[in-house]
Peer 1: 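Take this structure first; my questions come after.
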Amino acid sequence: MGQIDITFPDGNVKAFEAGITPAEIAAGISNSLAKKAISANVNGAHWDLQWPITENAAVAINTMKDDEPALELIRHDLAHIMARAVQEIWPDVKVTIGPVIDNGWYYDFDREEPFTPEDLGQIEAKMKEIINRRDPVTTEIWDRDRAVAYYEANGEPYKVELVGMIPEDQPIRMYWHGHWQDLCRGPHLQHTGQVPADAFKLMKVAGAYWRGDSDRPMLQRIYGVAFKTRQELKDYLTFLEEAEKRDHRRLGREMGLFHFEEVAPGSVFWHPHGWQLFQTLIGYMRRRQEAAGYVEVNSPDIMERALWEKSGHWENYRANMFLAQTQDDRDYALKPMNCPGHMLIYGQGVKSYRDLPLKIAEFGKVHRYEPSGALHGLLRVRSFTQDDAHIYCTPDQLTEECLKINDLILSIYSDFGFEDVRIKLSTRPENRIGSDESWDRAEDSLRTALDSAGHDYTIFEGEGAFYGPKLEYVLRDAIGRDWQCGTLQVDFNLPERFGTTYVTQAGAREYPVMLHRALFGSLERFIGILIENFAGKLPFWLAPRQVVVASIVSDADDYVYEVVNALRERGIRAEADIRNEKINYKVREHSVGKVPVILAIGQREVEERTVTVRRLGEKQTKTVTLDEIVADLAVEATPPDLA
RNA sequence: GCCGCAGUAGCUCAGUGGUAGAGCGCACCCUUGGUAAGGGUGAGGUCGGGAGUUCAAUCCUCCCCUGCGGCACCA
């Protein structure tokens, strides 16, 4: 073998025999580095210490100080160690795949018996045992037939299938953790003892389809989380607890916003305070849309089958629709979308190119028979209110209209404090209507709009709606979670299906292009997101209960009402609390209820015509005059678009 | 829809093959108290629904419904 040049991170270049491994290079540098090494970066690729380097390369040796490779390797090795532990305890369990995911890993198993929480404890103990054995991790490349024969002999059908999926030009790589072996592309650590034994935890077991396909067998997936240190693990578990405290289902109850019932799974019963918030959002959106040139309409909730056949929903969406049959045997459906209704409104009278773009908006309540397992609080429901609109325009206007919507969405999210927004572009799905040419045009126009707005986006092939491609707006909340909200879809199909046209300048009849868009997406979901993002502490203008005026002594009752009335006159949502309770009690109760401002009134305030202000989350109180607080809160209560 | 777990008072939960308990909340009484739960008394439950086993089921078995965690699907 010849010589190769290895370039080190400090710029030094050194010649080695071709085929040298990073482990050998590390050993040549120092004994301690050889021990501490976990992997290497070779020309940017994450490289196992055992893999030979055969050409000139830039090489960096990684240790546990390098977060990214360290976490990747810890989690990946733990996946193997867990699978090994499971097979040591239950030798007949079949193994499948076990990738690294955010904060940890999972591994899917095929086993008759379900894993129990007690099993997880047993597995975890076995894993620690394996780590303490400090088993060497070794790798070799196998012949394809040998790998298949091996897995067939060992009763591992899933592995046989995985071997078959590896492209012909790629090696079949095996990894050994001691005596236990798994098909794996690597890289891995030097030995199991490099995994921190006190910084991982098995979290839960759940069902998962083999290869993510609902037609294939259901496996059992065990999830684990892992970090470099015990402290990081603890921090992560604390983070999960914090996230749980933000759960909108729990806060919704504590704040008295809404509830659900068994008789209406996935449908919200809005309580007065929740409905107040709902209406505040609609009021805001109504103003924004009106300013952007939209007109608002309302279309029927139940329409006959013939309409849904015409729109294509009967063919493509019926499984998700609530159907209604009348005594005289007529088929109706509750609308799952507003677009067909808007088509009929557009279709009234003759439209001219002068009428375009026509922007028809509706706060329409749609019903979708979502799979039972998908339901989740406000975030996934079966009946929800969209801030929906359809924009009819000429092909020439298309890109500009997309851009305007993009601007509007981002401006609106910003008003709620969401500045970090990602965009997903979903292209034509298998189940679809319309010609390939119209799909080409539709997808192109979305791309063009995004490109000219200079906004990054990710493409999701085959994820579009059945009538057109779509953009989806995903916003990141205060603790880094992503939520899908708004959507923008281009549709060349519905106007043709409904035969709706406009008269061009030249007097011809042409089909308009149609844009479907929702900015909040669903009011229900958006409210759920707001609650979680703000942990219930909504901005003052959104808070359904803005001010509670609480008496400290009953002699203050009259003045309490005077304060409440003064606030209400300025449109502030204020209520009195003159119950026979101590101020401590009232403060606690309204704090739990997430009321942003509590005004306490005792003898002193009555005499001085002041109020003592306590803001949610602040221990400090402040006494100001009645006039002052009314003026201040009136400013705070102003929605951002009117400020 | 699929896998697993769960469903007992308004909420959070304990409990038992012989028809149930706590704390909070609620009602009433005492207390007028200065910023996250003052004290007392009391009311309140078809133990998710249906069938079965049993002398007897809230408890055991089966079916269904709903919820929770994932998967699949989606705003």
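Sequence lines set the chain letters: A, B, ... in the order given, protein chains first and strands last, and positions in each chain run from 1. The structure presented is a predicted model; accordingly, all values stated were derived computationally and were not measured.
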Peer 1: Ring centres within less than 5.5 Å and planes less than 30° apart: is that true of A:Tyr209 and B:A72 in this structure?
Peer 2: no
Peer 1: Counting distance alone, no hydrogens or angles: does the base of B:A75 have a donor or acceptor under 3.5 Å from a partner atom on the side chain of A:Glu370?
Peer 2: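 For A:Glu370, whose side chain was compared with the base of B:A75, there is a donor-acceptor pair (under 3.5 Å).
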Peer 1: Side-chain N or O of A:Lys622 versus OP1/OP2 of B:U35: is the shortest distance under 4.0 Å?
Peer 2: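 False: A:Lys622 side-chain N/O out of range (4.0 Å or more) of B:U35 OP1/OP2.
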Peer 1: It should be established whether A:Arg249 places a side-chain nitrogen or oxygen under 4.0 Å from OP1 or OP2 of nucleotide B:C68.
Peer 2: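 Checking A:Arg249 against B:C68: at least one side-chain N or O falls below 4.0 Å of OP1 or OP2.
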Peer 1: I want to know whether A:Phe416 and A:Phe520 have ring centres closer than 6.0 Å.
Peer 2: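 Ring centres of A:Phe520 and A:Phe416 closer than 6.0 Å.
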Peer 1: Ignoring backbone atoms, establish whether A:Thr621 has a side-chain N or O less than 4.0 Å from OP1 or OP2 of B:U35.
Peer 2: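 So the side-chain polar atoms of A:Thr621 never come under 4.0 Å of the phosphate oxygens OP1 or OP2 of B:U35.
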Peer 1: Going by salt bridge (Lys or Arg N to Asp or Glu O under 4.0 Å), A:Glu532 matches just one of A:Arg250, A:Arg246, A:Arg481, A:Lys245. Which one?
Peer 2: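 Only match with A:Glu532 under salt bridge (Lys or Arg N to Asp or Glu O under 4.0 Å): A:Arg481.
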Peer 1: Determine whether a donor-acceptor pair (one donor, one acceptor, N or O, separation below 3.5 Å) exists between the side chain of A:Arg211 and the base of B:C71.
Peer 2: no
Peer 1: So, is A:Tyr585 near the phosphate of B:G34, with a side-chain N or O under 4.0 Å from OP1 or OP2?
Peer 2: no
Peer 1: With a 3.5 Å cut-off and just heavy-atom distances, do the side chain of A:Glu589 and the base of B:G25 make a donor-acceptor pair?
Peer 2: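 Such a pair does not exist between side chain and base.
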Peer 1: Given the structure, check if the side chain of A:Thr612 and the base of B:G34 hold any donor-acceptor pair shorter than 3.5 Å.
Peer 2: yes
Peer 1: Ignoring hydrogens and angles, answer whether the base of B:C71 and the side-chain atoms of A:Arg221 contain a donor-acceptor pair closer than 3.5 Å.
Peer 2: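 No.
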Peer 1: Among B:G34, B:A75, B:C71, find the nucleotide with the atom closest to the side chain of A:Arg604.
Peer 2: B:G34
